[in-house]
Amino acid sequence: IAAFMQRPAVLTRDQVEGAPYVAHARDHRLIASVGNDIYARRLADGAVGNPYSIYHVGDELKDPEDGDLLGYQGLFTGEADLNRVGDPAKLGVVDSARETLEADTLLQLPPDPKMDFVPRPRGTNVDGTIMSVIDDRTVVADYDVVIINRGSKHGLEPGHVLEVWEAGEEVRDITPNRESSKVQLPDERNGLAMIFKAYDRMSYGLMWQSDREVHVGDAVRSP
């Protein structure tokens with residue numbers, strides 16, 4: 001999970017709105033990579049030499065309960081150092097994971113994150129949903145990273161462990177002496193997830209001890 005602590009794959013709404021962004025690449029390049037210069041806006045208060053991570057802003061992440069926009073998928077493209085302050089500011093790309101494009105977002109590199117976690121239950125009840133999976137998969141296994149629609153606003157902190165539950169289906173009862181034509185199957189516990197990074201209204205969870213396949217839309221609850 002170290003990569004997710006240093007280079008998050010989720011960008012909050014506050015991080016994206018009003019953030020510095022790539023306005024142009026030198027020599028009219030359509031894409032930029034290591035060794036290229038880029039020009040960015042909203043960096044007037046930066047300091048020469050400051051390193052920045054560059055992200056391509058991807059799909060929206062909406063709360064499945066109320067449709068509120070919580071954030072965006074963030075695709076790390078590289079790192080750049082601030083060479084000249086101004087509007088636009090000039091940066092040099094020093095590391096590339098993929099091409100950097102106009103409109104990509106710049107975020108200042110965070111300090112070294114705390115990487116010690118104490119798995120423990122949440123003191124009060126939490127009831128949320130897995131709303132996305134890193135790498136756009138729909139089926140999850142052990143050590144995959146999921147995004148849930150609960151965060152620090154709901155009392156979640158790194159280390160909190162949640163149970164993952166699959167919703168029970170409504171199925172037909174076709175037995176001769178049936179009670180009714182349909183029966184609601186109970187929810188089934190499929191595994192555990194540990195929160196390792198909490199934002200205001202969403203969190204990263206590391207899948208842990210999954211007993212069966214876990215899917216986007218499954219519920220997460222306090223154990």
Side-chain angles (χ1 to χ4, degrees), residues 1-64 66-115 131-137 145-149 151-153 158 196-204 216:
I1 62 176
F4 294 97
M5 300 296 286
Q6 289 283 1
R7 298 172 178 174
V10 171
L11 304 176
T12 65
R13 185 175 180 177
D14 291 340
Q15 282 179 310
V16 172
E17 294 180 354
Y21 64 93
V22 178
H24 192 70
R26 191 175 181 182
D27 300 324
H28 302 286
R29 295 178 183 272
L30 297 179
I31 62 175
S33 59
V34 173
N36 297 149
D37 292 329
I38 56 176
Y39 298 99
R41 307 197 70 182
R42 298 183 183 144
L43 272 177
D45 57 350
V48 173
N50 280 355
Y52 290 85
S53 292
I54 310 170
Y55 288 90
H56 181 72
V57 180
D59 295 337
E60 295 180 341
L61 292 172
K62 292 187 175 181
D63 192 325
D66 55 21
D68 283 356
L69 177 63
L70 303 184
Y72 303 86
Q73 296 278 9
L75 185 61
F76 175 78
T77 70
E79 292 181 5
D81 292 338
L82 181 58
N83 294 332
R84 187 173 65 218
V85 178
D87 183 21
K90 179 183 175 183
L91 301 95
V93 180
V94 296
D95 182 28
S96 288
R98 55 173 295 148
E99 65 274 7
T100 291
L101 307 173
E102 291 180 1
D104 283 352
T105 295
L106 296 168
L107 298 178
Q108 192 156 7
L109 289 175
D112 290 337
K114 180 181 178 182
M115 295 295 291
M131 63 179 184
S132 184
V133 182
I134 300 302
D135 297 332
D136 294 327
R137 294 201 305 274
V145 174
V146 298
I147 305 167
I148 70 169
N149 65 335
S152 57
K153 180 178 179 180
F196 65 88
K197 190 175 182 65
Y199 299 96
D200 185 40
R201 292 182 58 189
M202 59 182 177
S203 299
Y204 281 135
V216 171

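Sequential numbering from 1 along the given sequence is applied to the chain's residues. The basis for the numbers below is simple: all heavy atoms, side chains too, and nothing from hydrogens, waters or symmetry mates.
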| message | Is the shortest side-chain heavy-atom distance between T77 and L101 below 4.5 Å? | response | no
| remark: Scanning both residues in full, the closest heavy-atom pair of R41 with P88 reads CG-CB, 4.5 Å
| With side chains defined as the heavy atoms from C-beta onward, is the minimum distance between M131 and V146 less than 4.5 Å? | no
| said: What I'd like to find out is whether the side chain of Y52 reaches to under 4.5 Å of the side chain of E79, using heavy atoms alone. | reply: no
| request: Report the C-alpha separation of V133 and I147 in whole Å, then their side-chain angles, then the decisive distance to 0.1 Å, and conclude whether the side-chain contact (heavy atoms from CB on, under 4.5 Å) test is met. | output: CA-CA 6 Å; V133 182; I147 305 167; over 6 Å; no
| query | Would you say the side chain of M202 lies within less than 4.5 Å of the side chain of N149, judging by non-hydrogen atoms? | reply | no
| request: Any chance you could measure S132, atom OG, to D59, atom CG, to the nearest 0.5 Å? | output: 8.5 Å
| said: Please give me the minimum heavy-atom distance between A89 and L43, naming the atom from each residue. | reply: CB-CB, 3.9 Å
| Counting N and O atoms only, with roles assigned by atom type, does the side chain of Q15 sit under 3.5 Å from a partner on the main chain of T12, one being a donor and the other an acceptor? | yes
| With side chains defined as the heavy atoms from C-beta onward, is the minimum distance between F196 and V145 less than 4.5 Å? | yes
| field | Cationic N near anionic O, under 4.0 Å, D68 to K62 | value | no
| Minimum side-chain heavy-atom gap Q73-L61 below 4.5 Å | yes
| request: Please state whether the rings of Y55 and F76 are parallel, tilted or perpendicular, taking 30° and 60° as the class boundaries. | output: perpendicular
| Is any NZ, NE, NH1 or NH2 atom of the basic residue among K153 and D200 found under 4.0 Å from an Asp or Glu carboxylate oxygen of the other? | no
| said: Looking at every non-hydrogen atom in both residues, tell me the closest pair between A80 and I38 and how far apart they are. | reply: CB-CD1, 4.3 Å
| field | Passing option when L91 is tested against N50, N83, L82 for side chain to side chain contact (heavy atoms under 4.5 Å, CB included) | value | L82
| task | Kindly give the heavy-atom pair with the smallest separation between D37 and G92, and that separation in Å. | result | OD1-CA, 3.8 Å
| task | Could you check if a side-chain atom of L11 sits within less than 4.5 angstrom of a side-chain atom of L107, using non-hydrogen atoms only? | result | yes
| task | Determine yes or no for a side-chain-to-main-chain donor-acceptor pair under 3.5 angstrom, with Y204 supplying the side chain and M5 the backbone. | result | no
| message | Under a 3.5 Å threshold, yes or no: a donor from one side chain and an acceptor from the other, between E99 and S33? | response | no
| query | Are E102 and Y39 side-chain neighbours, meaning at least one heavy-atom pair lies under 4.5 Å? | reply | no
| message | I'd like to know if the side chain of S152 and the backbone of Y199 have a donor-acceptor N/O pair within less than 3.5 Å. | response | yes
| remark: Rounded to the nearest 0.5 angstrom, the CG-OG1 distance for D95 and T100 is 9.5 Å
| message | Evaluate R26 against K90 for side-chain contact (heavy atoms from CB on, under 4.5 Å), listing each step before the verdict. | response | CA-CA 9 Å; R26 191 175 181 182; K90 179 183 175 183; 3.5 Å; yes
| Donor-acceptor under 3.5 Å (R201 side chain, L70 main chain) | no
